[in-house]
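Before any comments, here is the structure.
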Amino acid sequence: ETLRKDLRRLRRTGYFSRVDARVQFKNGWATVIFTLTERVGRVRTVSFVGSRNYTQAQLYSLIQLRPGMPFNRDLLTKDARRIVKIYHNIGYFRVRVTVQGRWIGQTLMLWFVIKENEPALIRHVLLRGNRKVSSKRLLPLLDSRAYSLSAGFSQKGFFHPSFVARDVYFLKNYYFDHGFIDIKVT
């Protein structure tokens, strides 16, 4: 039954013109051998669905798999990862990109389906262990800020690891510039 479900799932992907399986038994162990024949064809269209932050043209400029090219699964995977990466750059760490396709003869119509989800927001910024310099004095130096509606469309309030790394750098420099030679900021 499991093997039958696996075969059905592989066939439903649409990437294979033929899907077969056979089982070999040896020394009490079963080996399942899948024989897959990939479709040979060309990409007919590439579309993007679900993006609110990027236009079709912006997303299209990121990908390498183009209409007219032979279908290449590795290129498709890299393109999907590239899309995920640009969303991570603007704080959308829970973005999901899936690819759907439909074969029409020997041509493939592709859709990158983007589920953006919500961006990672900063609720509070806390400084601990700063006994000599007040948080009130240090917080304005930081790029990381608590999210507020008044921030508008700026990056303030959105979490990104590069902001945190920059904040650590600024805090170390602030302390060093003010005579604190043996300071640890993490």
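Just so you know, these numbers use all the heavy atoms, side chains as well, and skip hydrogens, waters and symmetry mates.
Every residue meeting the side-chain contact (heavy atoms from CB on, under 4.5 Å) condition with Ala21, not counting sequence neighbours, appears here in chain and number order: Leu3, Leu7, Phe34. Residues forming a salt bridge (Lys or Arg N to Asp or Glu O under 4.0 Å) with Arg18 (at least two apart in sequence, or on another chain): Asp20. For Ala57, the side-chain contact (heavy atoms from CB on, under 4.5 Å) partners at least two apart in sequence or on another chain are Thr55. Not a single side-chain hydrogen bond (donor to acceptor under 3.5 Å, both in side chains) links Arg42 to another residue, sequence neighbours left out. By the side-chain hydrogen bond (donor to acceptor under 3.5 Å, both in side chains) test, Ser162 is found to be paired with His160, residues two or more places apart in sequence or in another chain being considered. For Glu118, the salt bridge (Lys or Arg N to Asp or Glu O under 4.0 Å) criterion is met by no residue, not counting sequence neighbours. With sequence neighbours left out, the side-chain contact (heavy atoms from CB on, under 4.5 Å) criterion links Gln64 to Leu75, Asp79, Arg82. When the salt bridge (Lys or Arg N to Asp or Glu O under 4.0 Å) test is applied to Arg52, the partners found at least two apart in sequence or on another chain are Glu116.
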Taking only distance into account, with no hydrogens and no angle test, what donor-acceptor pairs under 3.5 Å do side-chain atoms of residues 121-132 form with protein atoms, sequence neighbours excluded?
from   : atom 1 : to     : atom 2 : distance (Å)
Asn130 : ND2    : Val133 : O      : 3.0
Asn130 : ND2    : Ser135 : OG     : 3.0

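Panel note: side chain Asp167, backbone Ser144; a donor-acceptor pair is recorded below 3.5 Å.
Pairs passing the side chain to side chain donor-acceptor pair (under 3.5 Å) check and including a residue from residues 175-186, sequence neighbours excluded, do not occur. Every pair passing ring pair (Phe, Tyr, Trp, His ring centres under 6.0 Å) that includes a residue from residues 50-76 is listed here, sequence neighbours excluded: Tyr15-Phe71, Tyr54-Tyr87.
Side-chain contact between Val185 and Phe176: absent, with no pair of heavy atoms (C-beta onward) separated by less than 4.5 Å. The closest side-chain heavy-atom distance from Leu171 to Val168 is not below 4.5 Å.
With respect to Phe48, the side chain to side chain contact (heavy atoms under 4.5 Å, CB included) criterion is satisfied by exactly one of Leu62, Leu59, Leu110: Leu59.
In this structure, Trp111 belongs to a hydrophobic cluster whose other members, linked by side-chain heavy atoms under 4.5 Å apart, are Val49, Ile104, Met109, Val113.
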